[in-house]
Amino acid sequence: MELSALDYSLIIGFFTIVLGIGVVVSKKSGKSSSEYFLSGRTMPWWLLGLSMVATTFSTDTPNLVTDIVRKDGVSGNWVWWAFLITGMLTVFVYAKLWRKSNVSTDLEFYELRYGGKPASFLRKFRAIYLGVIFNVITMSAVTLAAIKIGGIMLGLEPWQTVVSAGLITVTFSALGGFKGVVYTDFLLFFVAMGGAIGAAYYLVNLPEVGGVTNLLAHEGVKGKLSILPDFSNTNAVITLLVIPLAVQWWSSWYPGAEPGGGGYIAQRMLAAKDENHAIGATFFFNIMHYALRPWPWILVALASIVVYPDIASIAQAFPNIGADKLGHDLAYPAMLTKLPSGLLGLVLASLIAAYMSTISTQLNWGSSYIVYDFYKQQVNPNASEKQLVAVGRLSTVVLMILSACLALLMQNAMEVFDMLLLFGAGTGLIFILRWFWWRINAWTEISAMFASGVLSILLKVTPLGNYLFEVDKGVFPDWFQIPFVMLVTTIIWVAATFMTKPESKKVLNSFYIKIQPGGPGWKKVVDNAKADNINILNPNEKWSVPSGIGAMVLGCVLIYACMFATGYWIYGETTKGMLFTGVAILAGLLLIKTWSKMKKNIL
């Protein structure tokens, strides 16, 4: 495949603009750590919402969706569609709480909610655990996708892709900080969406595919179209629908879909002007992320089944790709090689945009943990703002190098997704409850983190995993792996909670005064404070969680209905499309009414 002068012009022009933005904002971003990591907490909802969408528009996402669709059909996407429930809970319950906390990172929350040495240890350890280990694994999956795209579309060796893409991205990230990331995300959003939609339209209409009608009628595709799994296949229903919707969304920690909010989503909420802007940003993100954005990728994945029906056909078409990188996820970049000049350049620019947006966000977020939650706490508490920015820039470069090296050793993005889900299983409920149940303490989180991590390692790298969950041979069904880790981890952290002392009255009272979480889970703390003649209640603050949960349900109905409606309109199933469009409109009207009541309680 050869790029034309037009293609090169589009790609070079894009790089020039992005690096220009980084250089322009670098002076202001370097003034203080608050500017470098949170842009002074002045960001509007629409800019942050676009940034959230752009940063999750990574190079590995279309590859992951393609892998899922080719193996399990469209319904396989419920493995991540289920996280919408988490997202809506963040919008209507936790966005307000995070913005009120006024912390610099979500890990600073630990020393707001907990006290003493356990809280200090938890904050520092999580800074390395999430900011380095989890972050590097996530970035390596994104870089792996870039390696596959570079190998198939440009004929590049893995190291060439890693060096060229990584060098530009890390330079931009280190210079511009969070403001540079968010400003360029505004551009990246439109480039990435335009490229994805344009590619889907062209590739579905290839002569060998024959348009949407012929695609949907193809023998290899018909069995992959259903948005819901085949209910006659019990194992598929449990694996693809029941586990994600009943267990996974609240029990597993996953980057970008943390129960109770967290990570780079929390970073954007903390950078918002106020609580209303934090809520608006996260709601906009969830609509785009779940209802609309997946469908261009799904269409290309379905078309790839016609053009490349199996991995052998991909290997035959691209003999330069090493056996260690072959997989169904390669079908997406393989299809992109068929794009014409101009559109090819736009799509390549969009993929570069997706890569840069995700990696720059991960770098800035992970670096913020290292600076605020480790370096400033453990190494140099008296560090100047200039020193904090310098450490932030240095850690950005180190994180990029580590993730690039790991990416060269990896094979499949789906394996990384599964591994991260398992590692976080059982911890998610703590992140939901810690705001609303006083008895949760630092030892709760420490025990859960180590329990899920150790269990996951044992299941993945020792014979125990096969003994317990091997298909048709294990002690338990293979779909029981995540529930198993969740159950064991939950038993351990509940026991640890009641075996250790609760947080001190001083810590609990201070947290309640600042956050005003309300609810029956804090009744004992409020009563104890009253007995000590301490008033920790704000009479103007009403407990908004019940109405927030109602809004969460309506928001899920709205977005899932939009997702179904979009799919059925594409499939040409007009009746179902109209039905779900009607459901979406009704849910939207009810949500507006509910939100207008909730808004009165947001200060």
Side-chain angles (χ1 to χ4, degrees), residues 19-43 48 51 98-117 119-133 135-136 139 167 169-184 262-264 266-273 359-403 510 514:
L19 288 175
I21 293 173
V23 171
V24 169
V25 303
S26 62
K27 187 174 182 180
K28 188 172 183 180
S29 295
K31 285 184 177 180
S32 70
S33 57
S34 178
E35 281 289 343
Y36 191 77
F37 293 115
L38 293 172
S39 191
R41 303 184 194 269
T42 58
M43 289 289 177
L48 290 172
S51 178
W98 276 113
R99 190 60 187 85
K100 286 172 69 175
S101 73
N102 205 38
V103 294
S104 297
T105 70
D106 57 314
L107 297 189
E108 189 180 331
F109 169 87
Y110 288 127
E111 292 190 89
L112 177 67
R113 175 61 177 82
Y114 312 127
K117 291 183 179 179
S120 178
F121 166 79
L122 187 58
R123 181 179 179 184
K124 289 179 291 217
F125 185 83
R126 293 281 284 184
I128 303 302
Y129 184 70
L130 296 180
V132 178
I133 299 173
N135 197 22
V136 165
M139 288 192 294
L167 188 61
T169 304
V170 76
T171 302
F172 157 75
S173 302
L175 282 175
F178 182 75
K179 190 184 291 281
V181 171
V182 174
Y183 283 2
T184 52
Y264 51 78
Q267 184 187 31
R268 279 152 179 74
M269 291 189 287
L270 293 169
K273 288 181 178 180
I359 294 295
S360 59
T361 288
Q362 295 284 152
L363 288 172
N364 188 264
W365 165 62
S367 181
S368 73
Y369 282 1
I370 294 171
V371 169
Y372 281 124
D373 303 301
F374 185 79
Y375 179 79
K376 190 174 181 181
Q377 296 298 310
Q378 182 72 16
V379 181
N380 188 1
N382 300 315
S384 67
E385 289 297 313
K386 185 174 288 188
Q387 286 175 315
L388 293 178
V389 172
V391 173
R393 286 174 168 159
L394 176 62
S395 59
T396 295
V397 175
V398 173
L399 288 172
M400 186 72 240
I401 293 171
L402 290 175
S403 65
S510 175
K514 184 166 190 174

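One-based numbering along the sequence shown.
- A side-chain donor-acceptor contact under 3.5 Å links S120 and K124.
- At a threshold of 4.5 Å between non-hydrogen side-chain atoms, the residues R393 and V389 count as touching.
- The two residues Y369 and A127 have their closest heavy-atom pair at O-CB, 3.7 Å.
- In this structure, CG in N135 is found 11.0 Å from CD1 in I128, a value given to the nearest 0.5 Å.
- Considering only residues two or more places apart in sequence or on other chains, F374 meets the ring pair (Phe, Tyr, Trp, His ring centres under 6.0 Å) condition with none of them.
- Taking the salt bridge (charged side-chain N to carboxylate O under 4.0 Å, His left out) definition, one finds that R123 meets it with E111, D373, sequence neighbours left out.
- Considering only heavy atoms from C-beta on, Y372 stays 4.5 Å or farther from E108 through its side chain.
- The aromatic rings of F109 and W98 lie tilted to each other, with the angle between the two planes from 30° to 60°.
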I'd like to know whether L363 forms a side-chain contact (heavy atoms from CB on, under 4.5 Å) with M139, so could you lay out the CA-CA distance, the side-chain angles of the two residues, the decisive distance to 0.1 Å, and finally the verdict. CA-CA 9 Å; L363 288 172; M139 288 192 294; 3.6 Å; yes
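- Taking both residues in full, the closest heavy atoms of T396 and G392 are given as OG1-O, 2.7 Å, listed atom of the first, atom of the second, then distance.
- Although no hydrogens or angles enter the test, the distance criterion places no donor-acceptor pair under 3.5 Å between the side chain of S367 and the main chain of S395.
- By the 4.5 Å heavy-atom criterion applied to side chains, Q362 and L399 are not counted as neighbours.
- The shortest heavy-atom contact between S384 and Q387 is N-OE1, 2.8 Å.
- Separating the CZ atom in F125 from the OH atom in Y110 is a distance of 11.0 Å, to the nearest 0.5 Å.
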